[in-house]
Chemist: 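I'd like to ask some things about the structure below.
Heavy-atom basis, side chains included; hydrogens, waters and symmetry copies ignored.
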Amino acid sequence: MGTKQNGRSAEKLCVVFTVRVIEGGEQGFLDMYDKMRESVSRTPGHIVERLGEPVDDSRQWVITSEWETPEHFFAWQQSDEHQALVAPLRQWVDSTQSLRFRIVKETAGVAS
């Protein structure tokens with residue numbers, strides 16, 4: 001279902017990462033996220049990163065990213081740079097969950 005790239009199928013990957021920020025830890029979390037965002041933006045295969053702030057009192061934040069291929073994401077995730085970046089983040093969160101999906105269909109934006 002993916003697009004063709006160099007004669008083989010290439011499927012984009014969407015990663016949804018939820019973090020529950022500790023009470024009072026929002027600014028520390030945001031500071032660490034900015035460092036991560038800067039790093040990931042220079043990573044081969046990275047397309048876009050989004051941060052979602054909770055609209056209720058849940059303290060549940062959502063980070064979504066899109067990658068050209070799953071291999072690009074996993075190479076970044078397993079890199080020493082990534083490990084060093086996320087280690088300090090743990091002091092600001094009390095739970096995380098990571099979901100990964102191949103993008104098989106998407107809609108295009110409406111032209112204005």
Side-chain angles (χ1 to χ4, degrees):
M1 279 232 163
T3 60
K4 292 285 183 180
Q5 182 178 20
N6 296 330
R8 62 180 239 262
S9 180
E11 295 180 332
K12 290 190 287 185
L13 180 74
C14 179
V15 177
V16 179
F17 187 64
T18 62
V19 295
R20 187 170 184 275
V21 176
I22 62 171
E23 192 165 346
E26 293 82 4
Q27 192 57 55
F29 166 74
L30 289 170
D31 292 345
M32 292 307 305
Y33 173 77
D34 282 340
K35 290 178 183 177
M36 287 180 57
R37 183 176 56 87
E38 185 179 316
S39 172
V40 75
S41 69
R42 297 185 309 264
T43 303
H46 179 261
I47 298 170
V48 67
E49 182 96 7
R50 294 182 183 93
L51 175 65
E53 180 180 15
V55 295
D56 56 17
D57 294 330
S58 69
R59 298 192 323 264
Q60 190 77 29
W61 292 69
V62 177
I63 301 168
T64 60
S65 60
E66 192 171 311
W67 297 81
E68 290 176 11
T69 67
E71 292 80 13
H72 283 104
F73 168 73
F74 290 118
W76 175 72
Q77 182 192 41
Q78 296 167 7
S79 71
D80 292 338
E81 180 182 11
H82 176 260
Q83 298 303 318
L85 280 170
V86 300
L89 184 67
R90 292 184 181 102
Q91 69 181 312
W92 304 111
V93 301
D94 60 17
S95 65
T96 63
Q97 182 179 16
S98 182
L99 306 168
R100 298 156 190 135
F101 303 92
R102 281 188 208 92
I103 298 173
V104 295
K105 295 184 182 192
E106 63 185 354
T107 60
V110 177
S112 40

Chemist: Would you call Gln97 and Leu99 a side-chain contact if the rule is heavy atoms closer than 4.5 Å?
Modeler: yes
Chemist: Using the rule given for side-chain contact (heavy atoms from CB on, under 4.5 Å), can you reason through His82 versus Ser79, listing the C-alpha separation, both sets of side-chain angles and the distance that settles it, and then say yes or no?
Modeler: CA-CA 5 Å; His82 176 260; Ser79 71; 3.4 Å; yes
Chemist: Counting distance only, does the side-chain N/O of Gln83 pair as donor-acceptor with the main-chain N or O of Gln77 below 3.5 Å?
Modeler: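 Checked: pair present.
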Chemist: Counting only N and O atoms by type, is there a donor-acceptor contact under 3.5 Å from the side chain of Ser39 to the main-chain atoms of Lys35?
Modeler: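 Not confirmed, Ser39 side chain does not pair with Lys35 backbone.
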Chemist: Side-chain donor-acceptor pair under 3.5 Å between Ser65 and Trp67, yes or no?
Modeler: yes
Chemist: Is any side-chain heavy atom of Trp61 closer than 4.5 Å to a side-chain heavy atom of Leu51?
Modeler: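 They are in side-chain contact.
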Chemist: Drop me the distance from His46's NE2 to Glu66's CD, to the nearest 0.5 angstrom.
Modeler: 9.0 Å
Chemist: Check the side chains of Ser41 and Glu49 for a donor-acceptor pair under 3.5 angstrom, ignoring hydrogens and angles.
Modeler: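 No, no side-chain donor-acceptor pair sits under 3.5 Å.
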Chemist: Assess the side chains of Thr69 and His72: does a donor N or O sit below 3.5 Å from an acceptor N or O?
Modeler: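 Yes, side-chain donor-acceptor contact under 3.5 Å.
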Chemist: Answer yes when Arg42 and Glu81 have at least one side-chain N-carboxylate O distance shorter than 4.0 Å, and no when they do not.
Modeler: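 Salt bridge: yes.
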Chemist: Given side chains that start at C-beta, do those of Tyr33 and Ile63 come closer than 4.5 Å, heavy atoms only?
Modeler: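 Tyr33 vs Ile63: side chains touch.
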Chemist: Any carboxylate oxygen within less than 4.0 angstrom of a Lys/Arg side-chain nitrogen, looking at Lys12 and Glu68?
Modeler: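 Looking at Lys12 and Glu68, the cut-off is not met.
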Chemist: Any side-chain heavy atom of Val93 within less than 4.5 Å of one from Ile22?
Modeler: no
